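Below you'll find the structure, written out as structure tokens, and then a few comments.
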Protein chains: 2
Amino acid sequence: MKKSTIQDVAEQAGVSKGTVSAVINGKATVKASTREHVREVMKAMNFRPKGQARNLKGRQIERTVGIIIRELDNPFYTALATGIKKYANEKGYVEFIASSEADQQNEETISQLFASKDVKGAIIAPVINENIEIEHLFRLKLLNYPFVLLKEVQGIHANVVSINNLEATKLAVRYLMETGHTDIIHFAGPELSSHAHERINGFRQAFSESTQIFSDSMLVPCGSQFQDGFETGIDFFKRVDPKRFPMAVVCFNDVIALGLSSALHQLKIDVPNQVSIVGNDDIEIAKHWSPALTTVHTPLHELGMKAAEVLIRHIEADQILPVENHVLDSELKIRETTLDLTK
Amino acid sequence: MKKSTIQDVAEQAGVSKGTVSAVINGKATVKASTREHVREVMKAMNFRPKGQARNLKGRQIERTVGIIIRELDNPFYTALATGIKKYANEKGYVEFIASSEADQQNEETISQLFASKDVKGAIIAPVINENIEIEHLFRLKLLNYPFVLLKEVQGIHANVVSINNLEATKLAVRYLMETGHTDIIHFAGPELSSHAHERINGFRQAFSESTQIFSDSMLVPCGSQFQDGFETGIDFFKRVDPKRFPMAVVCFNDVIALGLSSALHQLKIDVPNQVSIVGNDDIEIAKHWSPALTTVHTPLHELGMKAAEVLIRHIEADQILPVENHVLDSELKIRETTLDLTK
DNA sequence: AAACTTATTTGAACCGTTTTAATCAATACA
DNA sequence: TGTATTGATTAAAACGGTTCAAATAAGTTT
């Protein structure tokens, strides 16, 4: 069954397209009785005017940006989106958020939808996995569609605004070393996550830049959810000889760090006196947790603002601007889950 | 400066519109050299084909729904959106999320944008305040645009899927009464929030349905953020005579309940032995908190799923369907922050 | 070199609205 | 009664692309 058009309505109602259009747009020129009649026909036919056609005529001055995040229920992304929003709103833009749920195909679909709906530009947290597909990004480039990636993607020359994950983890490890820790391990993130890999590399690299020696046994596979941190924490520490304390755990993210904290509490292992914990991200709850979590603050807000700034500049430029690449630095927030052994 | 069109590009490149179109769409029929040349002209002119015009021809089978939430960085809404997403994705829909930041004007702008971009329908968490504006909702109705409200709005007959806030709070109070509490107070939400009012009413009503007497002094203005709960908690309990214990606090939401928990911890007041706490919403962190928070579980997931189900049914119907109204019930989750005095 | 093929390109029709000048009808004015 | 005036409606021209049959160009075969 074909969708009805304004033409169909006009015929059915015995008036011209122009009149129907006037009714749709609430123009005062149409006679009350005609308006009523046309409205009834519209209802009867369940006629929904096509927005795309409506916008065609007359310049559209509307300002919109799209954001493609990877997970909806991850505070990491909502914090990021909040940063984007702040800058974008100041400039009069509305933003639409969509989540790829870490699926390449979804990312592609969404990016094409943004372009096809004349959302003016997009900020994309790209899905990264083994055989990464970037054809859709090339398609955007072909359309001169402005976009900013939140992570470098091999094979495409595009705007990037990103976090220095490597440096972030090095910051954590370096601090622990400086405060006298000699037994440092890493609760690592998901196998597939490139963030996780970068953080593992940061961990390694911190050792190679120090006098301490790295060993593979320092890497404990964990995950990214609270439950992962909790379970891995129980599993690991229930067979650790208390004589080994004090030791320190650098966690892939705050959420598993909190899970670990919870596990240690249950095992009656004292934080930070027996085990020091460092998180990563500095999510909202981290500073409210008891004990407050020492963590590497990821400047999500700044990341979002910067990405929005770059995007909007590119959207509004008359000419195609040169590609930009910005890397933001993290900052260590020392709270209550780390012990300074030099004191 | 007028935006360039495919026509401009064609003239500049010395080819026809059809050829430019073929280049844009990567058709194989165009000669390599021509393609290159046209691409260069496109770049030089920073030509961005208008998506709306591209879609005009050829049936669009695309499936999209929009969600208007009130706050981006509120897990309440992301949980809700996750529920919507689950159902919508199953049905092959992509969703776009936008936040009104509790601003009436934004809600209006966003809803019109959704309609104008042919997003097939919308789920709206409406902004409610003193002089509520619903003209934009009428405009949607005129367009036969399918939408579902997540809260009843006076003056408009539309689809609604909502939570029974009144009943939720009554559940909490009733439980406390049944377990022997006789000193129950309420940390109330923001002045302007209609949720907050409903919950206050629920609190009141629970008393009127019991033998205990309600008094205005039981209502403590608080807010909705962690910090609000913390500060109000300190302020209130630092001047409570310990002889008054045991007492119980029903909180507007989980976030302030956690803030209160934190405050009591700092004041060395024991939860639940001296003070029982009941939250509302059952956010993710509530069950991981120490002590785990007793709270009223708001079925956000179900709410989202139901709203999506109703919306998609209305989107896909040939005829205009009758308006629906669904109210979902909450459920009490008894954890560690409440003491049963009858035991 | 004529006759076929195949590779490119063109031009006109079309998509579903809005817009506006023009028409028609009804009423008011002189 | 003829002439403005006002009110409603219409018809045709946009809007900015896509599509596709037809035209043209380029290569191949005899």
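It should be emphasised that the depicted structure is a prediction, and the values quoted were computed from it without experimental measurement. Here is the naming used below: chain letters follow the sequence lines, and residue numbers restart at 1 for every chain. Values below: all heavy atoms of this structure, side chains included; hydrogens, waters and symmetry mates excluded.
For the pair His195(B) and Lys151(B), the minimum side-chain heavy-atom distance is below 4.5 Å.
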Mind listing the side-chain donor-acceptor pairs of residues 27-44 of chain A below 3.5 Å, one per line with the distance, residues two or more places apart or on another chain?
none

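Atom CG in Asn55(A) sits about 12 Å away from atom C1' in dG16(C), given to the nearest Å. Between Asp118(B) atom CG and dC15(C) atom P the separation is 16 Å, expressed in whole Å. Atom CD of Gln7(A) is separated from atom C1' of dA11(D) by 11 Å (rounded to the nearest Å). With rounding to whole Å, Met42(A) atom CE is found 16 Å from dG16(C) atom P. Nucleotide dG11(C) holds its C1' atom 13 Å from the NZ atom of Lys57(B), rounded to whole Å. Regarding Ile6(B), its CD1 atom lies at a distance of 14 Å from the P atom of dG11(C), rounded to whole Å. In this structure, the CE atom of Met45(A) is 14 Å from the C1' atom of dG16(C), given to the nearest Å. One interatomic measurement links the two molecules: NZ of Lys50(B) to C1' of dG17(D), which rounds to 10 Å at whole-angstrom precision.
If you check every strand for non-hydrogen atoms under 4.0 Å, Thr5(A) touches sugar and phosphate atoms only.
Counting distance only, with no hydrogens placed and no angle test, the side-chain atoms of Lys17(B) and the base atoms of dG17(D) include a donor-acceptor pair under 3.5 Å. Contact annotation: side chain of Lys31(A) to base of dT9(D), donor-acceptor pair absent below 3.5 Å.
Within the structure, every side-chain polar atom (N or O) of Ser16(A) is placed at least 4.0 Å from both OP1 and OP2 of dT9(D). For dT9(D), the OP1/OP2 oxygens have a side-chain nitrogen or oxygen of Thr34(A) closer than 4.0 Å. Asn25(B) has a side-chain polar atom (N or O) that falls below the 4.0 Å cut-off from OP1 or OP2 of dT18(D). Look at Thr19(A) and you'll find a side-chain N or O under 4.0 angstrom from OP1 or OP2 of dT10(D).
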Task: Worked check of side chain to side chain contact (heavy atoms under 4.5 Å, CB included) between Lys3(B) and Arg48(B) - done: CA-CA 9 Å; Lys3(B) 282 208 54 174; Arg48(B) 301 179 193 157; 4.1 Å; yes
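Separation of the Tyr93(A) and Tyr87(A) ring centroids does not fall under the 6.0 Å cut-off.
Looking at which nucleotide of DNA chain C each of Ala53(B) and Val15(B) is closest to, the 5′-most match is held by Val15(B).
Using a 4.0 Å cut-off between charged nitrogen and carboxylate oxygen, Arg313(B) and Glu309(B) count as a salt-bridge pair. Salt bridge annotation for Glu316(B)-Arg63(B): present, with a cationic side-chain nitrogen under 4.0 angstrom from a carboxylate oxygen.
Closest non-hydrogen pair, Leu149(B) versus Ile156(B), comes out as CD1-CG2, 4.3 Å. Nearest heavy-atom pair across Ile163(B) and Pro299(B) is CD1-CD, 3.6 Å.
A rotation axis mapping the C1' atoms of four pairs onto the next four is fitted at both ends of the helix from dA1(C)-dT30(D) to dA30(C)-dT1(D) over five pairs, and the angle between these axes is 50° to 10 degrees.
Side chain of Ser21(A), nearest nucleotide from dT18(D), dT18(C), dT9(D): dT18(C). Candidate nucleotides dT17(C), dT9(D), dT9(C) were compared by shortest atom distance to the side chain of Pro49(A), and dT17(C) ranks first.
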